[in-house]
2 protein chains.
Amino acid sequence: MTKANKIFIYYKKVKNLSEMDLPSHRRSQKRQRILEEVKNTKIHPTAMWVYQRVRKDFPRLSLGTVYRNLNFLCEQGLIQKLLLDFPSDHFDGDTSLHHHFICKVCGKVFDLDLKTKENLSKKAEKKTDFSIENYRIYFYGLCDRCKKRR
Amino acid sequence: MTKANKIFIYYKKVKNLSEMDLPSHRRSQKRQRILEEVKNTKIHPTAMWVYQRVRKDFPRLSLGTVYRNLNFLCEQGLIQKLLLDFPSDHFDGDTSLHHHFICKVCGKVFDLDLKTKENLSKKAEKKTDFSIENYRIYFYGLCDRCKKRR
DNA sequence: ACTAATAATAGTAATTATTACTAATTTTTA
DNA sequence: TAAAAATTAGTAATAATTACTATTATTAGT
């Protein structure tokens, strides 16, 4: 199954779930801990980073469990996946409205609060026939540290 | 080597290349054809899509050649790679300033011209210590077709 | 046009991130 | 406390991309 299909299925699921009951989810210790790790850092970690951290307290943790839970938590809207030009996925525990800056030199990802005066979704909707729900902005350039080094 | 390192190296290369001579690049027929294919479509294709097309005229084409050239063309700034939530990379032959809309249902990617009244880079720079070179906006929602089907 | 130098390619192997699978375990429910 | 069901560990499989090397194609200089 491709990710294109997954997006479709996820969308359908959300629509249906608002009508019927949510399937019962169990608060396993590991899931809780994985969520906390992502929430308590600003580095926008990968699955491997989370795995290495949580494994210190749960030595039998499996990497698959981390992946499964990160994806689950994304579907639940408790965290989000970032779209960056890195080989592995990065996650963000902050689901509030904000954007990101990526340094072209060191590759670090920073949060960036930015409120546009215009409503960009509405502006884009007027130019198209789409119904736009949300958007993300990714900024690129040099971070403070890397700027100084030049 | 991770992609983070690659970004670093690419950046260094560009800086240095402006001082010294560009290495000589040969205009092979296949590279030319790959570039044309990406330039002549609006579907934001994957390497596999390009491969299947170009192979019709060059039956001995190798998929590795397509990957190598797509990456090369990105580095040269002739095409760009999009950051989408799909398992495989998508490319865009249009390098002019524009943004993208991705339909949450069918997964199609559309170009979206949008000129903001504010200079978002400058606005973001004022809030941070970064020097911002460019940004990309990804919009999400339902496309025309998918909207009608509901 | 010919040749030397070297960039590009084909074909294959290797790598890496992620997902799939299933028996065993943990958590919840009643 | 026992039954039901979600979750996990451990492993295998998958899929996209990159790496490698002998061969081929392109360019530059004569």
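Throughout, protein chains are lettered first and strands after them, A, B, ... in sequence-line order, and every chain is numbered starting at 1.
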To the nearest Å, how far apart are [X] [atom1] and [N] [atom2]?
X: R26(B); N: dT26(D); atom1: CZ; atom2: C1'; value: 5 Å
X: F86(A); N: dT17(D); atom1: CZ; atom2: P; value: 17 Å
X: D89(B); N: dA15(D); atom1: CG; atom2: C1'; value: 13 Å
X: Y51(A); N: dT19(C); atom1: OH; atom2: C1'; value: 16 Å
X: L70(B); N: dT18(D); atom1: CG; atom2: C1'; value: 13 Å
X: Q76(B); N: dA7(C); atom1: CD; atom2: C1'; value: 13 Å
X: D85(A); N: dA17(C); atom1: CG; atom2: P; value: 14 Å
X: N71(B); N: dA19(D); atom1: CG; atom2: C1'; value: 13 Å

Report the residues that fulfil side-chain hydrogen bond (donor to acceptor under 3.5 Å, both in side chains) with [X], sequence neighbours left out, ordered by chain and then residue number.
X: R31(A); result: N69(A)
X: Y51(A); result: R55(A)
X: S121(B); result: none

Any residue meeting side-chain contact (heavy atoms from CB on, under 4.5 Å) with [X], in chain and number order, not counting sequence neighbours:
X: Q32(B); answer: R27(B)
X: F58(A); answer: Q29(A), K30(A), R33(A), V54(A), L61(A)
X: D129(A); answer: D144(B)
X: T128(A); answer: F130(A), L112(B)

Qualifying residues under salt bridge (Lys or Arg N to Asp or Glu O under 4.0 Å), relative to E118(A), sequence neighbours excluded: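 Partners of E118(A) under the salt bridge (Lys or Arg N to Asp or Glu O under 4.0 Å) test: K123(A).
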In chain order, what residues pass the salt bridge (Lys or Arg N to Asp or Glu O under 4.0 Å) check against K126(A), with sequence neighbours excluded?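 For K126(A) there are no salt bridge (Lys or Arg N to Asp or Glu O under 4.0 Å) partners, ignoring immediate neighbours.
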Please state whether the rings of Y135(B) and F139(A) are parallel, tilted or perpendicular, taking 30° and 60° as the class boundaries.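 Correct class here is tilted.
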Check: D94(B) main-chain N/O paired with Q80(B) side-chain donor or acceptor under 3.5 Å: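 It does hold such a pair.
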So, is N69(A) close to the dT8(D) phosphate, meaning a side-chain N or O under 4.0 Å from OP1 or OP2?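 Yes.
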Heavy atom of residues 60-68 of chain B under 4.0 Å from DNA chain C: which residues?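 Heavy-atom contacts with DNA chain C come from R60(B), L61(B), S62(B), T65(B), R68(B).
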Please give the angle, rounded to 10 degrees, between the axes at the start and the end of the helix from dA1(C)-dT30(D) to dA30(C)-dT1(D), where five pairs define each axis.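 Here the helix ends are tilted 50° relative to one another.
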Tell me which residues in residues 27-40 of chain B put a heavy atom below 4.0 Å from DNA chain D, sorted by number, or none.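 Hits under 4.0 Å, by residue number: R27(B), Q29(B).
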